[in-house]
Amino acid sequence: MRGYDPADVDEFLDDVIKDYETYSKETQRLQMENDRLVSKVDELTKQLAVGKSGQVSHPTSNVTNMDILKRLSNLERHVFGAQLNDDADQDSRF
């Protein structure tokens, strides 16, 4: 018999169909997410426009630059803690 094996062709086409279905579902999911995000952007843009056209309020804050630096330092220590400690140990060896 010459040519392709029909069973192999059917198996390959089944794989193509599965991939296409997966692609289609992912495309639909991403389209829904995109629509949701676009509507959220529109909503927030409208809120911002209303806020600007209305009264301009400046939030009062007792947060100082020092407080921000402390928070940033704590965040870096939390996120990069092990890495920073390892780097400090290596630097102290030289």
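Counting heavy atoms of neighbouring residues, nucleotides and ligands inside a 6.0 Å radius, atom CG of N65 does not exceed 12 of them.
In this model, no donor atom of one side chain and acceptor atom of the other lie less than 3.5 Å apart for R71 and N74.
Separation of atoms CG (L13) and CG (D10) is listed at 6.5 Å; rounding is to 0.5 Å.
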Only distances under 3.5 Å count here; give the side-chain donor-acceptor pairs of residues 23-40 to other protein atoms, sequence neighbours excluded, each with its distance to 0.1 Å.
from	atom 1	to	atom 2	distance (Å)
E26	OE1	R29	NE	3.3
E26	OE2	R29	NH2	2.7
T27	OG1	Y23	O	2.8
R29	NH1	E33	OE1	3.4
Q31	NE2	D35	OD1	2.9
S39	OG	D35	O	3.4
S39	OG	R36	O	2.7

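Remark: the backbone N or O of L69 is not paired with any side-chain donor or acceptor of S73 at under 3.5 angstrom.
Under the 4.5 Å side-chain contact rule for hydrophobic residues, Y4 and F12 share a cluster.
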